[in-house]
Each structure stands twice: as C-alpha cells, then as structure tokens.
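Reviewing the structure listed below.
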Amino acid sequence: MRILGTLFALLFLLPAAAAAHETADARWSIAIHGGAGTMDRESMTGEQRAAYEAALQAALDAGAEVLRNGGSALDAVKAVIVPMEDDPKFNAGRGAVFTWEGANELDASIMDGRDRSAGAVTGVRTIRHPILLADAVRTDSPHVFLSGAGAEEFALERDFEIVPPEWFHTERRREALERMKAEQVSAVDVDHKFGTVGAVALDMHGNLAAGTSTGGMTGKRWGRIGDSPVIGAGTYADNRACAVSATGSGEYFIRVGVAQEICTRMRMAGAMALDVGDDTDGSGAPATDVPLTGAIVQRIADSVMAEVGALGGEGGVIVVSPSGEAVFSFDTPGMYRGRATSEGVNEVAIFAGE
Ligand code: ASP
C-alpha cells in the first residue's frame, strides 16, 4: 500500500507541484495594436469607442489566454490577429482599405524570436487570414516572402481558407477611396487612423514573437507594398532583443527599418549594460542577464519613432522585451492598443495620454 502511495505521489503530485512552481515563476507579456492615426476624441461617439475597446479587449484576452496556459508566443500572436482580421473595424482582412483600382490587397508577416524564422505575404486577394498564410510560409516553405498569385497558389495547395474578394469589402472603406479620388487628398487624409493590426508576445518559456496584418493604405497603386509585410520594417522578433510590430505611413518605416532598428538598439543596450560583447558564446541567449528597464525600452522605441517623425512619417510601434516590458510609442493623436502581463497588467486604450 505504501509503495502504491509513493508511486501515486511521484506520478501525480510531484509533477503537479513542479508545474505550479514553473507557472509561478514564469513571466509572460503581450501587447497589441489596431492601428495609429489622427482619430479625434470629439468625433468618436461613445458607442464607437465602446465597440473598439471591446474588440481590442477580446483580441487581447485571446492572446493572454494562450500565454497564461503556457502556450507559445507565436500562437498568442495568431490568436490576437485572426479575430482582428475578421473584424471590419480594422484595416486587415475583412475591412481592408481599397486599392486605386477598387480591390483589397492584403499583406501580413510573422516572426519567431527563437530562431528568427519569418514568413510574409503581400498582395493576396482571397485569403481570409493572411497572418496564417504568412506563418505557413515560415514553417512550410524554404522562403520568407511570397507575393500575389504565387502566394495564393501556395495557399491553395495547402487547403487554406479561400474567400471571394467581396468578403473583404466594406462601405466605409469604399467611401474613403471615392473621397480620396474626388477631393484629390492623400491616403493619410482619408484613412485618419491607419487600422493595421499587430501583436507582440513573450511566453513563459522566454520566447518572443511578432506579427502584423494590413490592407495597406487607401488608393495604393502599382503594386505598392508598405512596411507591414517587410521583415525588419513592420515586424521583427529576436529572443536576444525584443519583438516589434509597427503601424503608420509604411514608406518611412521601411526607410528607417523600424522594427529591426529597435531590436538592434535593444541588443546593443543590453550588451553595454554588462560591458561585454554581444552573444559571445553564439548560443542565441539574451545578450545580458541584466534586464533593460521599461524606461530604457521606452526610450529606445521613442528614439526610433523620432527618426520616423524627422523624415516626415507618422505612426506607432508596440514592443515587448525579453523580461516582459510591454511598451507603446506613437506620434499620432491616438493608437488602438492594449497590453497584458503575468504581473496583472490588463488594459486597452485609444487616445494619447490614456
Ligand atoms: N503601415 C501600413 C502600410 O503602410 C499602414 C498601416 O499601418 O495602417 O501599409
């Protein structure tokens, strides 16, 4: 009987205790965005605001749930972005902006900070969830970046969910295109808020991931591609540094290489904090065990966003560090955003200063 009791303890109680210990120690963290822009408080009704906040909270909760249960940062990023791609309030998947010719061309990218594997698609017109296709490019092809008809052929071969192009149409976005043409104004003028979606996460196992999905900018033509599907510009993740997803006037984010620039500065700041070389043993481990404080992460993100601003661009980024600091930086009047951590942070916000 005693032997049986001991066996029971070994088999069930000890692993459970170990798991509980692991859970108590391990940090997780997630930040999300639904685009930045010149939305103004006065013209947003209480009802609209509540609808955006509810959508952000639901997406944030979906990602946090994955992380809380020990799931991967990559799965959390996808859990956030998939429902946002289905939500017509955001400029990703259904609700994407229109091209000059009146089509919806979707871009998405995703990156795993563990091994810097990355996948991206641009200009797809019939894929319900471009973020999932980007991830399939990462895991199931020798490539990083697929475009247009080739990306759709790749999806077809893998039984991806295909929808008719009308699935993505919304009246609001069509009106924006018409207004742009009639008033001869820029995409920034008609889009007001960019509406791209993104997520960055740290899981309990210390892995980082980032993802971004968008319809681009209203009236884009000539096969224009923004920063969102460009690894290093709109999306980047490196376990040694951080995970970043961006939103804003993509041309400037590409020129600055925003997401990778933030990660590089994080890595260098970490190395300098210890005054040692970066990743000297080549293990891919964090450059330093001294975690950078939230204030330093904020300063690095702000300094890269200042470069975007100095060139004439605008928008924002979300950043999560290896120690779980979740930071926003944006130079627009607002950014749809949210963050949650194992430390009990759980918040969504829209305007600056909230
Ligand atoms: N960055 C996106 C692009 O330039 C637009 C956005 O963030 O909404 O395509």
Side-chain angles (χ1 to χ4, degrees), residues 31-39 52 56 81 84-85 87-100 103-110 120-125 130-131 134 145 147-148 168 170 172-173 176-177 180 186-200 210-236 244-262 304-305 308-309 311-319 328-337 350:
I32 71 169
H33 71 78
T38 53
M39 55 276 252
Y52 273 103
L56 287 169
I81 293 180
M84 294 179 100
E85 286 180 332
D87 187 334
K89 284 192 286 305
F90 300 103
N91 172 19
R94 181 172 231 175
V97 298
F98 282 86
T99 64
W100 189 259
N104 304 107
E105 290 181 354
L106 313 168
D107 301 335
S109 62
I110 192 162
V121 293
T122 182
V124 295
R125 293 173 170 216
I131 194 70
F145 204 175
S147 70
F168 302 106
T170 53
R172 186 167 70 112
R173 300 295 191 187
L177 175 67
M180 181 187 194
S186 73
V188 173
D189 291 327
V190 290
D191 284 349
H192 294 297
K193 44 199 172 297
F194 293 105
T196 291
V197 308
V200 290
T212 312
S213 182
T214 189
M217 297 188 78
T218 298
K220 64 183 182 180
R221 50 202 310 204
W222 307 304
R224 179 264 187 193
I225 303 168
D227 61 312
S228 308
V230 177
I231 297 297
T235 301
Y236 204 76
V244 181
S245 169
T247 175
S249 41
E251 282 67 13
Y252 298 91
F253 284 71
I254 293 176
R255 287 165 62 191
V256 173
V258 166
Q260 190 169 14
E261 179 69 17
I262 291 174
V304 176
M305 281 308 300
V308 172
L311 294 181
E314 59 175 354
V317 290
I318 51 175
V319 184
F328 311 111
S329 176
F330 55 99
D331 58 10
T332 43
M335 177 161 87
Y336 295 115
R337 62 198 187 276
I350 297 177

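Start at 1 and go down the list; that is how both ligands and their atoms are numbered. Here the structure is a predicted model, which means the values were calculated and not measured. Residue numbers start at 1 and run along the sequence shown.
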Close N or O approach ([X], ligand 1; < 3.5 Å):
| X | result |
| --- | --- |
| Gly226 | no |
| Arg224 | yes |
| Thr247 | yes |

Could you tell me whether ligand 1 has any atom less than 4.0 Å away from a heavy atom of Ser228?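 So Ser228 counts as touching ligand 1.
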Has Gly35 got any heavy atom lying under 4.0 angstrom from an atom of ligand 1? no
Between Arg337 (side chain) and Ala36 (backbone), is there a donor-acceptor pair under 3.5 Å? no
Can any side-chain N or O of Lys220 pair as donor or acceptor with the backbone N or O of Gly215 at less than 3.5 Å? yes
Tyr336 and Phe328 aromatic centres sub-6.0 Å: no
Test item: side-chain donor near acceptor, Thr212 and Ser228, under 3.5 Å: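 The answer is no; no qualifying pair exists.
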Check the side chains of Ser213 and Glu85 for a donor-acceptor pair under 3.5 angstrom, ignoring hydrogens and angles. yes
Nearest non-hydrogen contact with atom 5 (C) of ligand 1 belongs to which option: Gly248, Gly313, Gly250? Gly248
Measure the shortest side-chain to side-chain distance between Val317 and Phe330 over non-hydrogen atoms and say whether it is less than 4.5 angstrom.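 They are not in side-chain contact.
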Would you mind listing which atoms of ligand 1 come within a distance below 4.0 Å of any non-hydrogen atom of Asp227? 1 (N), 2 (C), 3 (C), 4 (O)
List ligand 1 atoms under 4.0 Å from Gly216, heavy atoms only on the residue side.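 What qualifies from ligand 1 is 5 (C), 9 (O).
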